[in-house]
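In this chain, residues are counted from 1 in sequence order. Indexing begins at 1, ligand by ligand and atom by atom, following the structure's order.
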Amino acid sequence: MKTLSKTTPSACLIFALLILLPRLVSAQRVVESDSHRFTEIATDVWHVSGTGSVYTMSNAMVLVGARDVLVVDSHVTPEAAGALLASLSVITDKPVRYLVNSHYHFDHAHGNQAFPESVDIIGHTFTRAKLSGEIGNVLEETTFRSFSDGVPTLVARLEQQVLAESDPDRREGLQERHRVQRNYLNSLREVVPTPPNITLETEMTLFQLSDRGSREIRLLHLGRAHTGGDVVIFLPRERVVFTGDMMLPGLSYMGDGHVDEWPATLEALKALDFDVLLPGHGPPVRSKDPITNFQAYLTDLWEKTSAMHRRGVDAEQAAQQIDMTNHSGNYGQLRRPGVDPRAINRIYELLDNQGR
Ligand SMILES: [Zn+2]
């Protein structure tokens, strides 16, 4: 009896620890403001997404140090970035010192102007060239316009739907959607592309003073991929990497991509020692398998599109005909032939320029 009474509690304790420990280890602090949800991935490393009350479109990352804060990506509008800045008080009272742009796309960088002038903006030289207008006007490009030109129509349609809806609950839901999209539209009109004032070509390392010593923050351009200037933010001690849109849980937009070079850049990403990948859209990824799957998709798309190009099929026809359904096991939406025409136009553009 005596022996039993001694072993039973300890056996219970061990059993309880076995059950609870993994949950305790993986338990993540989640803090919300009205507009933003902050998930603590490692100590003072936050993955940030919108709650829906303000249209943010993309994720961000926030690194809180002992003296200051570094933010990665600024969302889609000054409105969304302003809401992010106002929300930081739920996790820290430290001032923002740096903003890093993972790439130049509107949904990650058109909130830049909302950051105070005291904040330095860091990005790739290509990101600066795009946002400063040195290479074209980002507000006139297909990428921005194909996502933004439909917003006034959507706002007008939602307004009509609100008026036509008689069910009070559904009407309330529509009113909220209308409010969010109308505010998004208003802020879209005030966007002034604002470039990084500190640039890098291949690599830069920051050491942020934190309560646990200095945090190494590596900014790495691993090669061209989703754009000509993708930068990943790698935290070696925390084994975390923020990838922007170079690597997402699903398929990434390819309209400005270097689809032929992208798989090699992803190989360099795979070589980094990380456990958690924070994407520019969607939830964290805790495996490298999706990277391999995406490499296979990109290689296959490049080959299939090149074959169409060689046969003289025009880009529009190719976009309808190319069959990627052999990847439907990884990407459920690929149920029938057809690829985003913006991706095919882009690959044709690269192929047309190859011989020059
Ligand atoms: Zn992007």
Side-chain angles (χ1 to χ4, degrees), residues 47-50 55-61 71-77 80-81 84 99-112 121-132 135-151 184 188 191 193-196 219-233 241-263 265-266 269 277-285 290-291 294-295 297-298 301 331 339-347 349-350:
H47 197 217
V48 188
S49 56
Y55 191 69
T56 54
M57 199 163 171
S58 63
N59 296 333
M61 179 170 75
V71 176
V72 180
D73 284 356
S74 65
H75 295 320
V76 68
T77 55
L84 170 61
L99 167 66
V100 178
N101 287 144
S102 65
H103 62 297
Y104 79 88
H105 277 160
F106 69 102
D107 50 330
H108 300 261
H110 281 189
N112 284 6
I121 307 178
I122 307 175
H124 194 268
T125 44
F126 182 77
T127 301
R128 177 172 168 86
K130 293 298 285 190
L131 291 173
S132 66
I135 318 175
N137 177 354
V138 287
L139 297 178
E140 290 302 324
E141 288 182 351
T142 305
T143 295
F144 175 71
R145 295 201 53 176
S146 64
F147 284 98
S148 312
D149 281 1
V151 182
Y184 168 44
L188 265 179
V191 169
T194 304
L219 314 183
L220 303 169
H221 173 65
L222 301 171
R224 298 193 292 190
H226 174 68
T227 69
D230 302 282
V231 169
V232 304
I233 295 81
V241 65
F242 182 95
T243 55
D245 293 354
M246 191 176 104
M247 183 62 212
L248 298 179
L251 292 172
S252 185
Y253 171 75
M254 292 164 204
D256 299 306
H258 291 265
V259 178
D260 50 341
E261 299 172 27
W262 202 332
T265 305
L266 290 173
L269 174 67
L277 183 156
L278 303 178
H281 303 269
V285 177
I291 306 180
F294 189 41
Q295 285 175 304
Y297 178 94
L298 290 165
L301 180 64
Y331 309 104
V339 175
D340 180 356
R342 296 169 301 184
I344 303 307
N345 283 334
R346 171 62 178 167
I347 296 174
E349 182 187 27
L350 293 170

Minimum heavy-atom distance Val285-Pro290, with the two atoms named: CG1-CG, 3.8 Å
Ring geometry between His108 and His103 (parallel below 30°, tilted from 30 to 60°, perpendicular above 60°): tilted
Atoms of the protein (N/O/S only) found under 2.8 Å from the Zn ion (ligand 1): His103 NE2, His105 ND1, His226 NE2, Asp245 OD2
Ring geometry between Tyr253 and Phe147 (parallel below 30°, tilted from 30 to 60°, perpendicular above 60°): perpendicular
Donor-acceptor pair, side chain of Asn59 and main chain of Pro279, under 3.5 angstrom: yes
Candidates His226, Arg342, His105, Arg346 - the one meeting side-chain hydrogen bond (donor to acceptor under 3.5 Å, both in side chains) with Asp256: His105
N/O donor-acceptor pair under 3.5 Å between Ser58 side chain and Asp107 backbone: yes
